Amino acid sequence: MSLSIFFQLALLCCLLSLSSAKTGRPSHPKGLIFRVSKDPSTLQYTTQIKQRTPLVPVKLTIDLGGQFLWTDCEKGYTTSTYRPARCNSSPCSLAKSGNCMTECYSPARPGCTNNTCTLFPDNVIAPIATTGTLGSDVISVQSALDGTHVTISKFLFVCGSTSLLDKLSTGVTGMAGLGRTNVSMPSQFFNTFNLKRKFGVCLSPSNGAIFFGDFDSSTAPLTYTPLLINPISTASIVTEGEVSADYFIGVKSIRINQKPIPINTKLLSINATQGSGGTKLSTVHPYTVLETSIFKALVNAFVKELNVPKVRSVAPFGACFSSKSIGSVYTGPAVPTIDLVLQSKDVYWRIYGWNSMVEVSKDVMCLGFVDGGNPTTSIVIGGHQVEENLLKIDVESSRLGFSSLVYSKQICANYNFVAKS
Ligand SMILES: *[C@@H]1O[C@H](CO)[C@@H](O)[C@H](O)[C@H]1NC(C)=O
Ligand SMILES: *[C@@H]1O[C@H](CO)[C@@H](O)[C@H](O)[C@H]1NC(C)=O
Ligand SMILES: *[C@@H]1O[C@H](CO)[C@@H](O)[C@H](O)[C@H]1NC(C)=O
């Protein structure tokens, strides 16, 4: 080996080790973690990543069924590393974008570039959806192993406008889509770091976490149910031929104190031509939303089983009670259990008082389910019902693991996700 080649190699090694030291990048993180906070005024679950060059913190509302990461690029987006996705390029086909913005008539900036493919960033809370362009930029997220940050240099996301931020929590500038697409945040994490295609969700009224990769769940044994695919998009703007990015499960019946309530079972299955019906999980609905006839059946049966006088109801709930007339047990208020019965009568998600009741004031608590009228999806399991439940969204095996209420108090506030290799 000539001396000069030797020096060049030595220099290259040195540069490589310097660059990895600078970003603190473990060569293969075994998992990534989002620390999650709940905003007490909007009841949204938020997290913070870093994005752009130079990196700046970006606060996002978590949308479990969201298709991708989108941020406001209209206001204050400065970076030297943004790359628009050219129409018909591979990122566009990965994202299944069928649309092209050939020319942007305003001054060029991220979100306004010629010949860029477009998607529909969706704020389901407002609700508002618009056209936005696909592009990539640097992001930095926390590695689960040691808390250092790892960077991804070309993370795909969609540029939205400032108006899309309507009704999102203070300081939030976008939404973290964790849904079932090839460009969602989990998919990009799995692909970049070769992680097992699974993620864990543990939310609480204060802090919680979302863990990307496989993890040890032996501390809270999980029950499994298949994740179902809704062949029709449930996004605000439906693209023909697009599968829903939401995570659906097969609720077959609902029991109160183990007694089935009368439900039109047609509402519980996914109508494959309309994409309507069925049961999905959501982090953007603070309480479970039920189709109106299911809501009425649930409230009637619950009130009958609980058998204590109702007090004036408090919006958005249907049945409220004086706290004095309800005792307390280790699973929360002593109220009838609500079972979401799954693939067989022995497999059910049991909802205890801690997850069914909402304390609306010192003296009043309400059944924490809301009437959704005639919605597309019959049952949308919301935040209050999944808090302090450990969920494993196993995309690889297309199944959901759930713990039901994790008994030891406040476990999700400090749940220690341990990566499984
Ligand atoms: C797009 O292309 C047109 C025509 O070539 C050019 O005038 C315009 O400045 C470009 N716009 C952007 C945002 O790059
Ligand atoms: C996109 O995801 C589907 C599964 O949803 C998978 O079968 C397909 O191979 C993926 N496509 C690419 C290009 O990664
Ligand atoms: C799906 O919905 C359509 C329109 O409401 C209805 O005509 C059709 O019978 C439904 N399909 C099934 C399998 O229920």
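This structure is a prediction, so every number in the text was calculated from the model and none was measured. Counting starts at 1 for both ligands and their atoms, following the listed order. All heavy atoms count here, side chains included; hydrogens, waters and symmetry mates do not.
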task = Could you tell me the residue and atom name of the protein heavy atom closest to atom 2 (O) of ligand 3, and the distance to it rounded to 0.1 Å?
result =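 Nearest protein contact, heavy atoms only, for atom 2 (O) of ligand 3 is N271 ND2, 2.2 Å.
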
Heavy-atom contacts with [X] under 4.0 Å: which atoms of ligand 1 show up? List them by number with element.
X: A108; result: 13 (C), 14 (O)
X: E103; result: 1 (C), 3 (C), 4 (C)
X: C104; result: 11 (N), 13 (C)
X: S106; result: 13 (C)
X: C112; result: 13 (C)

ask   = Is the NZ or CZ atom of R52 positioned over Y77's six-membered ring, under 6.0 angstrom from the centre and within 45° of the axis?
value =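 Satisfied, under 6.0 Å and within 45°.
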
Quick one: does [atom] have a protein heavy atom under 4.0 Å from it?
atom: atom 9 (O) of ligand 3; answer: no
atom: atom 14 (O) of ligand 3; answer: yes
atom: atom 4 (C) of ligand 3; answer: yes

ask   = Does NZ in K420 sit with more than 12 non-hydrogen atoms of other residues, nucleotides or ligands closer than 6.0 Å?
value =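 For K420, atom NZ is crowded (more than 12 foreign heavy atoms under 6.0 Å).
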
request  = Identify the residue among L222, T219, V201 that makes a side-chain contact (heavy atoms from CB on, under 4.5 Å) with L390.
outcome  =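 Of the listed residues L222, T219, V201, the side-chain contact (heavy atoms from CB on, under 4.5 Å) partner of L390 is L222.
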
inquiry  = For F189 and F212, take the angle between the two ring planes, folded into 0 to 90°, and tell me which bin it lands in: parallel under 30, tilted 30 to 60, perpendicular over 60.
reply    =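 F189 vs F212 ring planes: perpendicular.
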
message = Parallel, tilted or perpendicular: which one describes the rings of F417 and F215, with boundaries at 30° and 60°?
response =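 F417 vs F215 ring planes: perpendicular.
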
ask   = Can you list the atoms of ligand 3 that are under 4.0 Å from a heavy atom of T273?
value =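 That gives atoms 1 (C) of ligand 3.
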
Option of least heavy-atom distance to atom 11 (N) of ligand 1 (set: N115, N114, T116) =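 Ranked by closest heavy atom to atom 11 (N) of ligand 1, first place is N114.
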
request  = Determine if the SG-SG distance between C92 and C87 falls under 2.5 Å.
outcome  =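 Judged by the SG atoms alone, which are 2.5 Å or more apart, C87 and C92 are not bridged.
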
Can you give the donor-acceptor pairs under 3.5 Å from side chains of residues 114-124 to other protein atoms, not counting sequence neighbours?
from, atom 1, to, atom 2, distance (Å)
N114, OD1, C104, N, 2.8
T116, OG1, T113, O, 3.2
T116, OG1, T113, OG1, 2.6
T116, OG1, N114, O, 2.9
D122, OD1, S236, OG, 2.6
D122, OD2, S236, N, 2.8
D122, OD2, S236, OG, 3.1
N123, OD1, I125, N, 2.8
N123, OD1, A126, N, 3.0
N123, ND2, L164, O, 2.8
N123, ND2, D166, O, 2.8

query = Can a salt bridge be assigned to the pair K196 and D214 using a cut-off of 4.0 Å between side-chain N and carboxylate O?
reply =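 No.
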
